[in-house]
J.: 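For reference, the structure I am asking about is given below.
Remember, it's 1-based here, ligands and their atoms both numbered in the order they're listed.
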Amino acid sequence: MVGNWKMHGRIGDNATLLTEVAAGASALQKGVSVGVCVPCPYLAQSQALLSGSVVRWGIQDVSAHTGGAFTGEVAAQMAADFGVTYAIVGHSERRAYHLESPELVASKAQRAIEAGLTPILCVGETLEEREAGTTEQVIGTQLEAVLSTLTEEQAAGIVVAYEPVWAIGTGKTARPGQAQDVHAFLRRKLLEKGATVANVPLLYGGSVKPENAEELFGQKDIDGGLIGGASLQSKEFLAICRAAQTVTH
Ligand code: PEP
């Protein structure tokens, strides 16, 4: 279960949130892994407050470059200096507002892996694409752009998050069956890359809340969640984490 704080947080509030999440996560069953992807300036704070806890921390994006004259960018290796485990790549907000192409996202995933980070690759279709019946084509292209640059071993180490763009931050959630259909498609595509790749964790993201979490995570190919808005409150986020531990499949 991974929280994506997006561009939210202030140093004082974060301290409370991180401490509460760490305390709550320690009471979860071992099968549930918890992470939070925070804004870059708070990586050091996350490292200080979460080291020694069961909660891992991550970055929300990395540069496609290893270093150099790229003002404002953050290299994966820099994040690694702060003990980061995860790097979200290809979030729909990056694809939409920063015009990130599938190829650029693939370079970012590659840089993350080289730095020892686990990329959380986000894929998802817009409402127009879904209504045009092109969901699988869009998601297949986004996934393939990354998989084609990775060895089977590297691909087996990533995490994939299905986030329908129309469900992110909108309060609209994909129906569990709708999400499951896409997850099953992703699983088949991953299997084409290799038997071990088919086991990568597949997260669902898009307005997950305590009320809908159990039904979503109960779907056969949904292994966890990428949680935006609801990860900003420890009570909500931990309730979602607890919903995950009640599910077995
Ligand atoms: C996200 O930003 O990855 C996300 C899933 O957001 P929300 O849960 O707020 O829809």
J.: So, for Thr149 and Ala106, which heavy atoms are closest and what is the spacing to 0.1 Å?
T.: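 That would be CG2-CB, 4.0 Å.
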J.: Of the listed options (Ala161, Gly124, Gly169, Cys37), which comes nearest to atom 10 (O) of ligand 1 when hydrogens are ignored and any heavy atom counts?
T.: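 Ranked by closest heavy atom to atom 10 (O) of ligand 1, first place is Gly169.
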J.: Hey, is ligand 1 close enough to Leu226 that some N/O pair sits below 3.5 Å?
T.: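 N/O-N/O distance under 3.5 Å: no.
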J.: Strictly under 4.0 Å, does any heavy atom of Ala230 approach an atom of ligand 1?
T.: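 Distance cut 4.0 Å: Ala230 fails for ligand 1.
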J.: Report the distance from atom OH of Tyr42 to atom CG of Leu17, rounding to the nearest 0.5 Å.
T.: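 Between atom OH of Tyr42 and atom CG of Leu17 there are 12.0 Å.
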J.: Starting at OG1 of Thr173, measure out to CG of Leu216 and round the result to the nearest 0.5 Å.
T.: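 Answer rounded to 0.5 Å: 6.5 Å.
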J.: Find all atoms of ligand 1 within a distance of less than 4.0 Å from any non-hydrogen atom belonging to Gly229, and give their numbers and elements.
T.: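 The list of qualifying atoms is 7 (P), 8 (O), 9 (O).
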J.: Out of Lys209, His91, Glu93, whose heavy atom is nearest to atom 1 (C) of ligand 1?
T.: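 Of the listed residues, His91 has the closest heavy atom.
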J.: Please verify the inter-ring angle class for His65 with Phe70; under 30° counts as parallel, over 60° as perpendicular, anything in between as tilted.
T.: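 Geometry flag for Phe70 against His65: parallel rings.
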J.: Looking at non-hydrogen atoms alone, which of Glu163, Lys6, Gln60 comes nearest to atom 2 (O) of ligand 1?
T.: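 Selected option, by shortest heavy-atom distance: Lys6.
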J.: Give the atoms of ligand 1, by number and element, whose distance to some non-hydrogen atom of Asn4 is under 4.0 Å.
T.: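 Those qualifying, in numeric order: 1 (C), 2 (O), 3 (O).
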J.: Any N or O on Gly206 sitting closer than 3.5 Å to an N or O of ligand 1?
T.: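 No: no nitrogen or oxygen of Gly206 is under 3.5 Å from one in ligand 1.
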J.: Show the numbers, then the answer: is there a salt bridge (charged side-chain N to carboxylate O under 4.0 Å, His left out) between Lys108 and Glu100?
T.: CA-CA 10 Å; Lys108 291 181 170 204; Glu100 294 192 2; 2.6 Å; yes
J.: Using heavy atoms and a threshold below 4.0 Å, how should the contact between Ile168 and ligand 1 be classified: side chain, backbone, both, or neither?
T.: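 For Ile168, backbone and side-chain atoms both sit under 4.0 Å from ligand 1.
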J.: Is there a heavy atom in Ser231 that sits closer than 4.0 Å to ligand 1?
T.: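 Not so, Ser231 does not reach ligand 1.
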J.: Less than 4.0 Å between a side-chain N and a carboxylate O, is that true for Lys6 and Glu93?
T.: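 Result for this pair is yes, salt bridge flagged.
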J.: Quick one: side chains of residues 110-117, donor-acceptor pairs under 3.5 Å with protein atoms, not counting sequence neighbours, listed by atom name and distance.
T.:
unit_1: Arg111; atom_1: NE; unit_2: Glu114; atom_2: OE1; d: 3.0
unit_1: Arg111; atom_1: NH1; unit_2: Ala64; atom_2: O; d: 3.0
unit_1: Arg111; atom_1: NH2; unit_2: Glu114; atom_2: OE2; d: 3.1

J.: Give the atoms of ligand 1, by number and element, whose distance to some non-hydrogen atom of Ala167 is under 4.0 Å.
T.: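 Those atoms are 10 (O).
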J.: Output all residues satisfying side chain to side chain contact (heavy atoms under 4.5 Å, CB included) with Ala132, sequence neighbours left out; order by chain, then residue number.
T.: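 By the side chain to side chain contact (heavy atoms under 4.5 Å, CB included) rule, Ala132 matches Thr134.
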J.: Within the 4.0 Å heavy-atom shell around Gly228, which atoms of ligand 1 are there?
T.: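 Near Gly228, meaning under 4.0 Å from one of its heavy atoms, ligand 1 has 4 (C), 5 (C), 6 (O), 7 (P), 8 (O), 9 (O).
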